[in-house]
Amino acid sequence: SLILGLGAYLVINQMASVGIMFASMILLGRALQPVEQVVGNWRNFVSARAAWLRVRDLLGASPPAERTLILPRPAGQLSVESVSYVAPGSVKPILRNVSFRLEAGETLGVIGPSGAGKSTLVRQIVGVLAPMAGSVRLDGADVAKWPRQSLGRHVGYLPQDIELFSDTVAANISRFQENADAEVIQAAKMAGVHEMILRLPNGYETQVGEGGAVLSGGYRQRIALARAVFGRPSIVVLDEPSSNLDGQGDAALVDCVRQLKDLGTTVVIISHRPATLSAVDKMLVMRDGSVELFGSRAEVFGKLTQPVRSVPARSAEPKAVEAGAAGG
Ligand code: ADP
């Protein structure tokens, strides 16, 4: 407007021609274009500055991890001390004051009705979730504070929802560790899947596809078992490891648990299958997020069968466990 006004003034006073007025208007318009662009993009400058400040604050709040002392391989003594957990955004506690202790090399079977908090408990044991109160200790050291780089090597975990990565069978078993062929085969043999893998189209080099889509549910579960025992962890945690297994897979699982026991590995298994539970030393019965019973297998079986004994012909051990786990 100023340029136009000044041009008009000069033309009226016959100090410039109309052509000059338009020419200088165009020239000055071009010269001021960068300034106009800056003004037009001001919003972008402001948001970029705000984003940079946020990134700077975030990085400032979590500085690069300092080198922590690498703890030695744990023997596998597990102690769960008054663990309570409430899911974010919820008020009802999933775990309430759960405590028990396992010596290194002991095998624990966890049973209880659906929704009792069994999976949530084992997620605390492997360090996926941190308790709201209490602590889970492996050889006395708090799992939630254990340096992440080294904890994974000592813990084997077979979750309920198995996720295999889109790569070869061998890479999945070795947890992407390179040059571990002998250990991969050792883990597969231990899980009883070596022959099964050799029969796949490309053996250990078979691509499993996105989420292991190429394999059946049972195969996925058995390969995930091999992944859980890979590298001789100190503690192996199996969440419903036999849900997709046939009789042969079930027998391989029991054999694997026995081998782990012989190696002195601590094992925690959530399962309701009598065959799987036959291999455990101790039992934990969960109900509504609390420990209902904990003790040796015989002791817990004994307590679970007590109310059932009044009904004749229902005192067989496995049936009693199922009855106890399903609701009584
Ligand atoms: P279980 O393995 O004994 O069947 P879970 O540990 O899977 O039991 O779950 C126990 C209860 O906690 C369930 O009622 C489940 O819905 C609830 N729960 C588990 N995880 C979460 C979560 N992240 N947010 C909200 N509720 C959860």
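Note that ligands are numbered from 1 as they come in the structure, with each ligand's atoms numbered from 1 the same way. A quick note: this is a predicted structure, and the numbers were derived from the prediction, not measured.
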Output the set of protein residues with a heavy-atom contact under 4.0 Å to ligand 1, ordered first by chain identifier and then by residue number.
-> Ala87, Ile94, Pro113, Ser114, Gly115, Ala116, Gly117, Lys118, Ser119, Thr120

Do you see a donor-acceptor pair shorter than 3.5 Å between the side chains of Ser135 and Asp142?
-> no

Ser243 versus Gln160, side-chain donor and acceptor atoms under 3.5 Å |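 No, no side-chain donor-acceptor pair sits under 3.5 Å.
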
What orientation do Tyr204 and His194 show, parallel under 30°, tilted 30 to 60°, or perpendicular over 60°?
->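 Geometry flag for His194 against Tyr204: tilted rings.
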
Any idea how Phe100 and Phe294 line up, ring-wise: parallel (<30°), tilted (30 to 60°), or perpendicular (>60°)?
->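 If you compare the ring of Phe100 with that of Phe294, the planes turn out tilted.
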
Going by the salt bridge (charged side-chain N to carboxylate O under 4.0 Å, His left out) test, which pairs reach into residues 259-270, not counting sequence neighbours?
->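 For residues 259-270, and leaving out neighbouring residues, the salt bridge (charged side-chain N to carboxylate O under 4.0 Å, His left out) pairs sorted by first residue read Lys261-Asp281.
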
Test side chain to side chain contact (heavy atoms under 4.5 Å, CB included), reference Leu238, set Ile270, Leu225, Val122, output is Leu225

